[in-house]
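Worksheet for the structure shown next.
Per chain, numbering begins at 1; letters A, B, ... match sequence-line order. Heavy atoms only: backbone and side chains are in, while hydrogens, waters and symmetry mates are out.
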Amino acid sequence: MSTSPIPVTRFAPSPTGNLHIGGARTALFNWALARKLGGHFLLRIEDTDQLRDTGRESVLGILEGLAWLGIDWDEGPAPDLGQDRDPRGVHPFYQSKRLNLYTEHLQRLLDADLAYHAFETTEELTAMRDEAKREKRAFKYEGAALNIPRDERFKRAESGEPCVVRFKAPTGDIVVKDDVLGDVTIAAGELDDFVICKADGFPTYHFAVVVDDELMGVTHVVRGQEHLANTPRHVALQQALGFRTPNYAHLPLIVNPGGGKMSKRDKDKAVRQAVRDAGLTDAPACVQDTADFAAWLKDKNRQLNQRDLLALAAALNVELPEIEVEDFRAAGYLPEVVTNYIALLGWSPGDDIEKFDLDFLAERFDTSRIGKTGARFDYKKLAAFNNDAIGAMSEEEFAQRWWDWCAAYSPELLKATGAADAPNDNFTMLAGATRPRCKTFREGVGGAAFLTTDTNDIVFDEKAVSKVLHKNDGEGIAVLRELRNELSEVQDSELRALNQWRPEHLHELIEKFSEKRELGMGKVAQPLRVALTGSTVSPPIDATLAILGKSTVLERIDRCLEAVPVGAG
RNA sequence: GGCCCCAUCGUCUAGCCUGGUCCAGGACGUCACCCUUUCACGGUGAAGACAGGGGUUCGAAUCCCCUUGGGGUCACCA
């Protein structure tokens, strides 16, 4: 048993899925506190639920999420699940591997008559709860099993009769000292004799946490406020076991923009809404499991399987809300922005500083500055922060980081720019044009759609055609024809020195053209845009031309002239 | 429903502990104007809050009480 002289904080996820954004904030604050105090940040995997546990993959996902955010840990599983990090020798870090430790302390409570075996079945307990509900009173287990003589309880338990172990709730008030909330007092008699060991021999969360925090020398517990109601139980257990009570700090909840719990379900809801809006009654082609879809459609409480959910979202053009860290990564947010933003949800440095990095947080973090009120997650503000961070990057940095992101999430774009192996001139040029007009990496890809769309697949926007090309007797078309001739004469060479198909030269050409024809730049650039992209929106026209390349530009102008002649629209 | 927690602009918050410097500061969003070859970026500015009611005090966003509102939790899940 190590009573550590150093401050130790911990993040203790259960491996039931990916890293939730709320969990990420909890981890971040624990990390920051450890850094601030010069202590250790520890990771523990709470896998005591044999039914829900999704195992190794989940653990890897969580570790990857933390690593991506830049949150490192001193103790716990290695990022690749290799050799544990264990400088103080407090392993193992999986609760499922600590069963002997729980058993040992459980026995102490049993021997001291501070805990007892109880033999009610789940069904019996459910019935008791239902009855309590009918009678509109809170259900509390008040030691019915204690009517069985102590010897007999032990004998029945030893004989293998299924049973749980319950903790005898203390008779006095319990005071939780919280660094955020102050003293929270729970009156004597409010706690019931809760279960600390399940019938399968695994400890419940309450018991495992208390034992682990003690044995691992955890000194500070920072966790969500949803745990506040649990804390009295933990304190009571600590007292019964003769353990220290760590410093607690309960974080205000993060809720979605609607004010509800921010959960994976939000994605399901978004798709459900879109399906309703579209009036779908049968499974569209993109859905593979049609039976699941049909059942899902009928039952509001059901969640559609992940694969079809994503397929539907893509088909219906629904933007799924980002909930898990991986969602934010895939959406093209920067990790340093995500940590910055979530740090502001319930904490602030106190002055008007809002933009800061992990070093700043490690230096300034303080539990006394954690707020008490719940915080809504504001996607717009996050996006604004991301936009600012992108804007603050150098062109080179943006190009490199955007490329890195594309390599994982948008290889099509890299292929279209011929930059599949590394950022090339063309990609860099596109990046330069993209940086000021995207809030996220993914948005940047959207803005480059004109590039990835095949010439023959370009759809000419009707309004754009009539306004820009057909208006005034096809003024735009005439401009296009002339421009095509001029552009066709521009040198396009592999040799850099000879190559005139560059933004600077093209810009000059267009400028001269518009002067010669006594037209505003808009009258020249807009017809080109429509011809090249089908719409009136694109990066600056010189960049658009340069990025597309000469042959594609001429090809597209030709197709446009053919597709939308005056009078045909 | 019981218990617990909370309450400043639409949103995130500063200020509250140690009442006066607050006709309440910042940020996102919104609106207006400027810049501009489109879309953006950028720049300037504006509107916008102390939940309500009682106290305490010379004086309250700040302290106390009540009301109202919101949230969490009531598992052999964590």
Side-chain angles (χ1 to χ4, degrees), chain A residues 12-14 16 46-49 51-52 95 118 120-122 125-126 129 132-133 135-140 162-166 176 178 180-182 184-187 190-192 194-200 202-206 208-209 224-232 250 252-253 255 257 259 261 341 344-355 368 371-385 387 390-391 433-439 447 464 468 507 510-511 514 519-526 528-530 533 535-542 544:
Chain A
S14 57
T16 54
E46 311 224 322
D47 54 351
T48 55
D49 185 354
L51 295 176
R52 283 209 320 182
Q95 291 187 326
E120 290 83 2
T121 63
T122 311
L125 288 168
T126 307
R129 266 186 212 102
K133 204 169 186 183
E135 290 169 16
K136 291 201 167 175
R137 59 184 167 80
F139 170 73
K140 260 174 59 189
C163 67
V164 300
V165 177
R166 287 181 181 271
V176 174
D178 187 277
V180 175
L181 268 11
V184 178
T185 305
I186 275 66
E190 282 299 326
L191 281 189
D192 73 345
F194 57 94
V195 174
I196 56 177
C197 182
K198 307 181 225 176
D200 63 6
F202 274 61
T204 59
Y205 159 73
H206 304 297
V209 162
Q225 234 173 67
E226 71 269 21
H227 285 289
L228 183 59
N230 292 328
T231 309
H250 287 92
L253 262 27
V255 296
K261 190 176 169 195
Y341 178 71
L344 253 15
L345 260 20
W347 182 82
S348 89
D351 37 38
D352 286 335
I353 296 174
E354 274 201 310
K355 302 282 179 70
S368 73
K372 300 176 180 180
T373 57
R376 287 182 195 229
F377 196 97
D378 184 352
Y379 287 96
K380 287 235 177 86
K381 186 158 180 173
L382 204 221
F385 272 35
N387 183 56
I390 284 175
T434 300
R435 195 173 61 107
R437 33 182 67 70
C438 71
K439 291 185 167 72
V468 176
H507 182 83
I510 290 170
E511 215 166 36
S514 72
L519 288 168
M521 282 291 265
K523 292 272 189 195
V524 183
Q526 288 306 76
L528 262 180
R529 269 203 181 86
V530 175
T533 72
S535 78
T536 53
V537 177
S538 88
I541 200 65
D542 46 6
T544 305

(request) Kindly point out which of U37(B), A27(B), C5(B) is positioned nearest to the side chain of M521(A)? (result) U37(B)
(request) Using the side chain to side chain contact (heavy atoms under 4.5 Å, CB included) rule, pick out the option among V209(A), V195(A), V164(A) that qualifies with T204(A). (result) V195(A)
(message) If we ignore hydrogens and angles and just use 3.5 Å, is the side chain of T533(A) paired with the main-chain N or O of V530(A) as donor and acceptor?
(response) no
(request) Indicate, with a heavy-atom threshold strictly under 4.0 Å, whether S538(A) touches base, sugar-phosphate, or nothing. (result) base
(request) Name the nucleic acid region contacted by A525(A), choosing base, sugar-phosphate or nothing; use a 4.0 angstrom heavy-atom cut-off, strictly under. (result) base
(message) What's R129(A) touching, base or sugar-phosphate or nothing? Going by heavy atoms closer than 4.0 Å.
(response) sugar-phosphate
(message) Once you apply a heavy-atom cut-off of 4.0 Å, does P539(A) come out as touching a base, just sugar-phosphate, or nothing?
(response) base
(message) Checking contacts here: which listed nucleotide (U37(B), C12(B), U8(B)) is nearest the side-chain heavy atoms of T373(A)?
(response) U8(B)
(request) Sort out the partner of A60(B) for me: Watson-Crick or G-U wobble, both distances under 3.5 Å, none otherwise. (result) none
(request) Whole angstrom is fine here: how far is it from NZ in K523(A) over to C1' in U37(B)? (result) 12 Å
(message) Looking at F385(A), I'd like to know if the NZ or CZ of K355(A) sits under 6.0 Å from its six-membered ring centre while staying within 45 degrees of the ring's axis.
(response) yes
(request) Give one of base, sugar-phosphate or nothing for G374(A), where a contact means two heavy atoms less than 4.0 Å apart. (result) sugar-phosphate
(message) Distance check, P atoms only: A51(B) and C17(B), in whole angstrom units.
(response) 16 Å
(request) Check for a donor-acceptor pair, side chain of R435(A) on one end and backbone N or O of G391(A) on the other, with a separation under 3.5 Å. (result) yes
(request) Tell me which nucleotide among U37(B), A78(B), G71(B) gets nearest to the side chain of R529(A). (result) U37(B)
(request) Mind checking E120(A) for me? I need base, sugar-phosphate or nothing, with any heavy atom below 4.0 Å counting as a touch. (result) base
(message) Of the options C12(B), C39(B), C6(B), whose atoms approach the side-chain atoms of L344(A) most closely?
(response) C12(B)
(request) Can you tell me the distance, in whole Å, between the CH2 atom of W347(A) and the C1' atom of A14(B)? (result) 13 Å
(message) Considering every strand and a 4.0 Å limit on heavy-atom distances, what is the contact class for T48(A): base, sugar-phosphate, or nothing?
(response) sugar-phosphate
(message) Strictly below 4.0 Å, N to O, side chains only: are E226(A) and K261(A) in salt-bridge contact?
(response) no
(message) Please report the distance separating the P of A61(B) from the corresponding atom of C50(B), rounded so that it comes out in whole Å.
(response) 11 Å
(request) Give the C-alpha distance, both sets of side-chain angles, the deciding distance and a yes or no for side-chain hydrogen bond (donor to acceptor under 3.5 Å, both in side chains) between T544(A) and S538(A). (result) CA-CA 7 Å; T544(A) 305; S538(A) 88; 3.0 Å; yes
(message) Looking at R376(A) and U11(B), is any side-chain donor or acceptor paired with a base atom of the opposite kind under 3.5 Å?
(response) no
(request) Find the distance L253(A):CG to A7(B):P and express it as a whole number of Å. (result) 14 Å
(message) So if I take every side-chain heavy atom of Q95(A) and compare against U37(B), G1(B), A78(B), which nucleotide ends up nearest?
(response) A78(B)
(message) Which label fits H206(A) and F194(A): parallel for a plane angle under 30°, tilted from 30 to 60°, or perpendicular past 60°?
(response) perpendicular
(request) Sticking with atom C1', work out how far A7(B) lies from C16(B), rounded to a whole angstrom. (result) 13 Å
(message) What's the gap between A32(B) and A47(B) when it is taken at their P atoms, as a whole Å value?
(response) 15 Å
(message) Applying a 4.0 Å non-hydrogen cut-off, can you work out what G346(A) is touching in the nucleic acid: base, sugar-phosphate, or nothing?
(response) sugar-phosphate
(request) Counting heavy atoms from C-beta on, name the nucleotide in G26(B), C76(B), C5(B) closest to the side chain of Q225(A). (result) C5(B)
(message) Counting the atoms with a prime plus P, OP1 and OP2 as sugar-phosphate, which does T122(A) contact under 4.0 Å by heavy atoms, base, sugar-phosphate, or nothing?
(response) base
(request) Please work out if P252(A) contacts a base, only the sugar-phosphate, or nothing of the nucleic acid, heavy-atom cut-off 4.0 Å. (result) nothing
(message) Just to be sure I understand the rule, does T121(A) reach a base, reach only the sugar-phosphate, or reach nothing, if contact means heavy atoms closer than 4.0 Å?
(response) base
(request) Classify the glycosidic conformation of C41(B) as syn or anti, calling it syn when the angle lies within 90° of 0. (result) syn
(message) Could you tell me how far apart F194(A) (CZ) and A75(B) (C1') are, to the nearest whole angstrom?
(response) 13 Å
(request) If G69(B) has a Watson-Crick or G-U wobble mate with both distances under 3.5 Å, name it; if not, just say none. (result) C6(B)
(message) Let's see if you can work this out: which of C4(B), A78(B), G29(B) has an atom nearest to the side-chain heavy atoms of L228(A)?
(response) C4(B)
(request) Name the nucleic acid region contacted by V164(A), choosing base, sugar-phosphate or nothing; use a 4.0 angstrom heavy-atom cut-off, strictly under. (result) base
(message) Using atom C1' in both nucleotides, what's the gap between G48(B) and C9(B) to the nearest angstrom?
(response) 5 Å
(request) Describe the nucleic acid contact of H250(A) in one word from base, sugar-phosphate, nothing, applying a heavy-atom distance below 4.0 Å. (result) nothing
(request) Using atom NZ of K355(A) as one end and atom P of U13(B) as the other, report the distance to the nearest whole Å. (result) 17 Å
(message) Please name the nucleotide paired to A46(B) by Watson-Crick or G-U wobble geometry with both distances under 3.5 Å, or report none.
(response) U30(B)
(message) Donor-acceptor check, side chain of T126(A) to backbone of T122(A), threshold 3.5 angstrom: yes or no?
(response) yes
(message) Go nucleotide by nucleotide along RNA chain B from the 5' end; which of P203(A) and E190(A) gets its closest nucleotide reached first?
(response) E190(A)
(request) Rounded to whole angstrom, note down the C1' distance from G59(B) over to C23(B). (result) 15 Å
(request) With P as the reference atom in both, quote the distance from G10(B) to A60(B) in angstrom, rounded to an integer. (result) 24 Å
(message) Taking the minimum atom-to-atom distance to the side chain of L181(A), which one of U13(B), C5(B), C28(B) wins?
(response) C5(B)
(message) My understanding is that a pair needs two contacts under 3.5 Å, Watson-Crick or G-U wobble. By that rule, which nucleotide pairs with C76(B)?
(response) none
(message) Taking any heavy-atom pair under 4.0 Å as a contact, classify N230(A): base, sugar-phosphate, or nothing.
(response) base
(message) The side chain of Y205(A) is closest to which nucleotide in this list: U38(B), A27(B), A78(B)?
(response) A78(B)
(request) Please measure how far the P atom in G15(B) lies from the corresponding atom in U21(B), and state the result in whole Å. (result) 16 Å
(request) Could you state the atom-to-atom distance from CD of Q526(A) to P of C39(B) in whole Å? (result) 8 Å
(message) I'd like to know if the side chain of Y205(A) and the backbone of T48(A) have a donor-acceptor N/O pair within less than 3.5 Å.
(response) no
(request) Answer yes or no: does a side-chain N or O of K372(A) lie under 4.0 Å from OP1 or OP2 of C6(B)? (result) yes
(message) Nearest whole Å is fine: how far is C74(B) P from E226(A) CD?
(response) 10 Å
(message) Judged by each residue's nearest nucleotide on RNA chain B, which is more toward the 5′ side, C197(A) or K380(A)?
(response) K380(A)
(message) If you only use heavy atoms from C-beta on, which nucleotide in A27(B), A78(B), C76(B) is closest to the side chain of E354(A)?
(response) A27(B)
(request) To the nearest Å, give me how far apart OH (Y341(A)) and P (U11(B)) are. (result) 12 Å
(request) Please indicate whether K523(A) has more than 12 foreign heavy atoms, meaning atoms of other residues, nucleotides or ligands, lying under 6.0 Å from its NZ. (result) no
